[in-house]
2 protein chains.
Amino acid sequence: MTRRPEAAPRAPLSRDRVLRAAVELADGIGIEALSMRRLAQELGVVPMALYKHVANKEQLLDGMVETVVGGIGLPASGPDWRGAVRHRILSARAALLGHPWAAQVIRSRSGPTPAILAHLDSVIGLFRAGGFSVDLTHHVMHALGGRVLGFTQEVFDAAPDPDPAARPAMPPEAAAAYPHVAELAGAAAHDGDSVVGGGCDDQFEFEFALDLLLDGFERLRLQGWTSGARRAGGGLIA
Amino acid sequence: MTRRPEAAPRAPLSRDRVLRAAVELADGIGIEALSMRRLAQELGVVPMALYKHVANKEQLLDGMVETVVGGIGLPASGPDWRGAVRHRILSARAALLGHPWAAQVIRSRSGPTPAILAHLDSVIGLFRAGGFSVDLTHHVMHALGGRVLGFTQEVFDAAPDPDPAARPAMPPEAAAAYPHVAELAGAAAHDGDSVVGGGCDDQFEFEFALDLLLDGFERLRLQGWTSGARRAGGGLIA
DNA sequence: ACCTGAACACCGTTCAAGT
DNA sequence: ACCTGAACACCGTTCAAGT
């Protein structure tokens, strides 16, 4: 019927189309299986055609990050620094949900993309407007770490199988060797949970830690904390 | 003089020697440059010789993790849960210092090695002995996340150049676009610091966040907190 | 029985040849 | 001038041939 026997999409390639296809492909097959060659195949083009739109694979990854982080909504501002920061961080988390490779890729890059800088700038701005000193804001941003972009901070990146029945039970000899882990796993099991990172309520765990930190920040702010108050080996509060 | 003209080491290969060489090589050239072929070359053997001692590269990485995590000292126990947990986590951090690839490799593996399980078990045990319920201990372990193994939780893994003069100054147009980031970077600069993750005092930032969390944990324990007390969108304390 | 070199199926990227 | 296929220097791992 047509002179083009290929069924491949015919839309002309563009940087944006390449990046959106890369994000979709990484979501589908995982970041470790994403290659320039595989991506080109998906787009129905020869591998070298991609190099017209991204200089190399590093730039492709940066562009993918930019695409995802750019999806974070604009900041809510207001007199309540705690609510505003909390909302902005949970927005970042929502934007990165469904792209489990994003945290790993961002951490592996050496520097921030413009969209990341814009996000960090807005969060820092919320702290400053809320009465935090430059000094305290600095340490507070470090304390949030990757959490400011919504990263979960589990020991293992990979989420276990969401079906509890598909997860192997802890064998008796392991339960004997690691009794405290077994106790936690056992108690969590009839909640549909597992050890650390298991089928737990990720959103609850994220907010639990976030709220602990935000409450701690507020206390330090009220105390007028400065880094001159460092005490070796002790707690931050007396 | 000898019938073997090669200068390569002659000690017979063993799993332990392979793992120690791999750790040393990853420390030196970085984890992304560590390959089976490069490691074999370093040991003066043919690549396939490694497969006598590790089944594949995944097992090599697991073994490397085991080697490093196995270096965490035994737990200090005592009546003071806070000091004991703090000491154990800082020991983990010390053991992983100098192996910047370890956090990334551990996170990328799908499950815990025995040494990691042993470490988690000991920390969980300290919380339980300190009067934490199974429920609270569960959420507290999630809140610590990778920090329980001493991971720093920065947005970017790679530490910038420790020499402040070697780090590029923020260009004026970037400072205009991201004024709050620029304010922090400027204030930190005459401390020899940079933005988030820059030449800051990593140990101080780690302990700052750790102490905030430990203080929060202690408050929840004293309150007799249970996860039944979840309140949507609010803080953990009133 | 043991060891190992060649081979396979990849990878990112360069480059020269073809249109 | 533009595009692209072959090629280069890798990679983890299989497998059969050689001792």
Side-chain angles (χ1 to χ4, degrees), chain A residues 3-15 17-19 21-66 101 104-106 108-110 158, chain B residues 3-15 17-19 21-66 101 104-106 108-110 158:
Chain A
R3 276 154 302 184
R4 300 186 259 96
E6 309 87 21
R10 287 284 120 193
L13 231 49
S14 69
R15 184 179 158 85
R17 218 166 79 80
V18 168
L19 295 182
V23 166
E24 197 178 334
L25 189 56
D27 291 348
I29 66 175
I31 192 69
E32 70 289 339
L34 176 79
S35 70
M36 298 296 276
R37 289 164 126 107
R38 182 85 171 71
L39 175 59
Q41 178 190 314
E42 206 73 14
L43 286 162
V45 300
V46 78
M48 285 312 298
L50 300 176
Y51 287 80
K52 289 263 109 102
H53 302 99
V54 290
N56 48 40
K57 195 178 183 183
E58 304 254 292
Q59 268 212 11
L60 176 75
L61 293 173
D62 279 344
M64 292 168 67
V65 167
E66 209 64 358
W101 48 269
Q104 184 187 138
V105 170
I106 291 171
S108 72
R109 317 274 63 226
S110 60
Chain B
R3 276 155 302 184
R4 298 187 261 93
E6 309 86 21
R10 285 286 119 191
L13 231 50
S14 70
R15 183 179 159 86
R17 217 165 80 80
V18 168
L19 295 182
V23 167
E24 197 178 334
L25 190 56
D27 291 347
I29 66 174
I31 193 69
E32 72 287 339
L34 177 80
S35 70
M36 299 296 276
R37 290 166 126 104
R38 182 86 170 71
L39 175 59
Q41 178 190 312
E42 206 74 14
L43 286 162
V45 300
V46 77
M48 284 312 297
L50 299 176
Y51 287 80
K52 288 264 110 104
H53 302 100
V54 289
N56 48 39
K57 194 178 182 183
E58 303 254 293
Q59 268 212 10
L60 176 75
L61 292 173
D62 279 344
M64 291 168 67
V65 167
E66 209 63 357
W101 47 269
Q104 183 188 140
V105 170
I106 291 172
S108 73
R109 316 272 66 225
S110 61

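Every chain is numbered from 1 and lettered A, B, ... according to where its sequence line falls, protein lines coming before strand lines.
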For residues 43-51 of chain B, tabulate all N or O donor-acceptor pairs below 3.5 Å that involve a side-chain atom, not counting sequence neighbours.
none

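Taken residue by residue, residues 23-36 of chain B places heavy atoms nearer than 4.0 Å to DNA chain D at B:Ser35, B:Met36.
To the nearest 0.5 Å, the span separating CD on B:Glu24 from CD on B:Glu42 amounts to 8.0 Å. Rounded to the nearest 0.5 angstrom, B:Met64 CE and B:Leu19 CG are separated by 8.0 Å. Note: B:Ser14 OG to B:Lys52 NZ = 15.0 Å, rounded to the nearest 0.5 Å. To the nearest 0.5 Å, atoms CG (B:Leu60) and CZ (B:Arg15) are separated by 8.5 Å. For the atom pair A:Ser35 OG and A:Ile29 CD1, the distance stands at 7.0 Å (nearest 0.5 Å). Atom CD of B:Gln104 sits about 7.0 Å away from atom OG of A:Ser108, to the nearest 0.5 Å.
Residue B:Lys52 places at least one side-chain N or O under 4.0 Å from the OP1 or OP2 atom of C:dC3.
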A:Ile106/A:Trp101 under side-chain contact (heavy atoms from CB on, under 4.5 Å): CA gap, chis, key distance, verdict: CA-CA 9 Å; A:Ile106 291 171; A:Trp101 48 269; over 6 Å; no
Working for side-chain contact (heavy atoms from CB on, under 4.5 Å), residues B:Ile31 and B:Leu61: CA-CA 10 Å; B:Ile31 193 69; B:Leu61 292 173; 4.1 Å; yes
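Straight-line distance between the C1' atoms of C:dT13 and D:dT13: roughly 23 Å, to the nearest whole Å.
For the pair B:Leu13 CG and C:dC3 P, the interatomic distance rounds to 11 Å; values are reported in whole Å. The interatomic distance linking B:Gln41 (CD) with D:dC11 (C1') rounds to 14 Å, in whole Å. Separating the CG atom of A:Leu50 from the P atom of C:dT13 is a distance of 11 Å, rounded to the nearest angstrom. Between the CG atom of A:Leu39 and the P atom of C:dC10 there is a distance of 17 Å, rounded to whole Å. The separation between A:Lys57 atom NZ and C:dC10 atom P is 15 Å, rounded to whole Å. If you measure from atom NE2 of B:His53 to atom P of D:dT13, you get 16 Å, rounded to the nearest angstrom.
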Protein-to-nucleotide contact annotation, 5' to 3' order, nucleotides 14-19 of chain D [B base; S sugar-phosphate only; - none; under 4.0 Å, heavy atom]: BB----
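Proximity note for B:Arg37 (side chain, C-beta onward) versus D:dT4, C:dC11, D:dT13: the nearest is D:dT13.
Using N1 to N3 plus N6-O4 or O6-N4 for Watson-Crick, or N1-O2 and O6-N3 for G-U wobble, each under 3.5 Å, D:dC11 pairs with nothing. Across every strand in view, C:dA16 sits in a pair with D:dT4 that passes the Watson-Crick or G-U test at under 3.5 angstrom.
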